[in-house]
Amino acid sequence: MSHPDVIVVGGGIGGLGAAYSLTRQGLRVRLLERAPAFGEVGAGIQLAPNCTRILDEYGLLDEAKSLGVVPDAMVMRDAVDGGELTRLDLRDLERRYGYPYLVIHRSDLHGLLLRACERAGVELITDARVDAYENTGGGARVTLASGATHEAGLVIAADGLHSAARRLLADDEPVSSAYVAYRGTVPAESPRVASVDLGEVAVYVGPGCHFVHYGLRGGKLLNQVAVFESPKALAGQEDWGTPDELDAAFAQTCDFVRDGLPFMWRDKWWRMFDRDPITTWVADRIALLGDSAHPPLQYIAQGAIMAIEDGWVLGEHVARNRAADGTIDWPAALAAYQAVRPEHCRRVLTTSRKWGELWHLDGLAREQRNALLRARDTYDYSFTDWLYGPTALTPDQEPDMFTPIPLSSAVVDEAVLTGGA
Ligand code: FAD
């Protein structure tokens, strides 16, 4: 087998997005996935304009829209009394940022990227678990569990939250939030679906819990996500987030939220971990991308989007650092990637944590939050511009990204009004 230009480890949304982006730039890309088949577990995913802009450039937006739903509004309500707190007019938001806010089934987004990679000629290999990474001087090599080795000018590690490659750059572990997510879908014929506006992405925020719903597949499914803080996790028990905790966590929420709980899948749940931000993602010719570099809590719904942005930014810098004979100046391309992405993603990670705290407030703090949110102008975009505006290509395009934001003011100042599940 001849060497490809790039090896991508991991066939999740991040790995596929990067493989497609680099193949579009004329590179030969080999993608190694440890699973026996490509796929995504879970239900819906929200894609804000900073992602649909990229899908459009890739020529994939129309297909994504046909598979998903373009909602009219995002509405935040109080989970206890059900009252509306604030909203985004997603039609106006689309006019402002030039691209739609889209919700789509995860497997549909994953399948869309997989098909794009197949058409573009990415070499897609399953049953290929990478156990070791090493730089070779002028390139990098991975070794599979089978003992086989693969070499390329660049290795991109898009191997997720538990990334093995991250150990080359950071001696850290995933950070437990003690929160757990339950997901589930409701078929269109259920009376539950008739009781909601499928044109809305709705998030109900409550003490130590929240509940999200939105339509999927042209309104054929209602996606629901229920997230709560696990008392067993707080008590340090191993077996946390189990279904017995679900109903208790939502006991004080309004009828509408509690009526949604029987539709959640009870045989699987997702414990919520992130990692502390790291500022170096590149070790010579090995680069982190997606959750391996910046796994967030999902509260501002940007994890998969950041992964897709990473791939796009890298592709842009490959194009800018390629000589007429096709040779790529990898150190320059990777230095540009490194200069642009970590600071933006650091801000997303820290904002996501703060946004979760804001959602889950109780008592007086909850009332103060509600008063602030009710007073917000629907058409005030000052908190979304940094996130939904054009993807950074150079640090100069995001000058405020380097200004540390005091955490005390971050709860409201950094809050983007999104309903991440
Ligand atoms: P992963 O999806 O983890 O993919 C990693 C891949 O690498 C996997 O296929 C894995 O099998 C493979 N792999 C791992 N190790 C190896 C190895 N050693 N060798 C070979 N292959 C390997 N994001 C949004 O943008 N919008 C949302 O609305 C949103 N909602 C969310 C809701 C929930 C409840 C959760 C939990 C997350 C949500 N996210 C959302 C975040 C998003 O799902 C992730 O950030 C994103 O899927 C990360 O993609 P990735 O490709 O980087 O990693």
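All ligand and atom numbering here is 1-based and tracks the order in the structure. A quick note: this is a predicted structure, and the numbers were derived from the prediction, not measured.
Residue nearest to atom 28 (O) of ligand 1, selected from E40, Q46, R106, R34: Q46 (by heavy-atom distance). Around atom 53 (O) of ligand 1, the closest heavy atom drawn from G12, A181, G160, A301 belongs to G160. Atom 6 (C) of ligand 1 has its nearest heavy-atom neighbour, among A158, A293, G15, in A158.
For F228 and Y179, the gap between ring centers reaches or exceeds 6.0 Å. Aromatic ring centres of Y99 and Y388 lie farther apart than the 6.0 Å criterion allows.
Some N or O of D291 is nearer than 3.5 Å to an N or O of ligand 1, by distance alone. Between A304 and ligand 1, at least one N/O pair is under 3.5 Å apart.
Under a 4.0 Å criterion applied to the non-hydrogen atoms of L32, ligand 1 contributes the atoms 20 (C), 21 (N). Set against the non-hydrogen atoms of R183, the atoms of ligand 1 under 4.0 Å away are 32 (C), 33 (C), 34 (C), 35 (C), 36 (C). Every atom of ligand 1 with a heavy atom of M272 under 4.0 Å away is listed here by number and element: 36 (C). Which parts of ligand 1 touch A128 is read off a 4.0 Å heavy-atom cut-off, strictly below it: atoms 19 (N), 20 (C). Every atom of ligand 1 with a heavy atom of G290 under 4.0 Å away is listed here by number and element: 52 (O). Residue I45 has at least one heavy-atom neighbour below 4.0 Å for each of these atoms of ligand 1: 23 (N), 24 (C), 26 (N), 27 (C), 28 (O), 29 (C). The I13 neighbourhood of ligand 1 comprises atoms 51 (O), with distances under 4.0 Å to a heavy atom of that residue. Listed by number with element, the atoms of ligand 1 under 4.0 angstrom from any heavy atom of V9 are 19 (N), 20 (C).
Side chain of R275 to backbone of D172: a donor-acceptor contact under 3.5 angstrom is found.
Residue contacts with ligand 1 for A35 are absent, since no atom lies close enough (heavy atoms, distance under 4.0 Å). The backbone and the side chain of R129 each have at least one atom closer than 4.0 Å to an atom of ligand 1 (non-hydrogen atoms only).
W265 does not carry R183 over the face of its six-membered ring by the limits of under 6.0 Å from the centre and within 45° of the normal.
Side-chain atoms of R141 and T136 form no donor-acceptor pair, as typed in the model, at a separation below 3.5 Å. Residues D92 and Y381 have side chains that bring a donor and an acceptor to within less than 3.5 angstrom of each other.
The pair R28-E123 fails the salt-bridge criterion, with no side-chain N (NZ, NE, NH1 or NH2) lying under 4.0 Å from an Asp/Glu carboxylate O. A salt bridge is absent between R34 and D131: the closest approach of a Lys/Arg side-chain nitrogen to an acidic carboxylate oxygen does not fall below 4.0 angstrom.
Contact annotation: V225 has no heavy atom less than 4.0 Å from any atom of ligand 1.
Each of H105, R106, H110 was scored for a side-chain hydrogen bond (donor to acceptor under 3.5 Å, both in side chains) with E40, with one residue passing: R106.
Using bins of under 30°, 30° to 60° and over 60° for the plane-to-plane angle, the ring pair H360/Y299 lands in the perpendicular bin.
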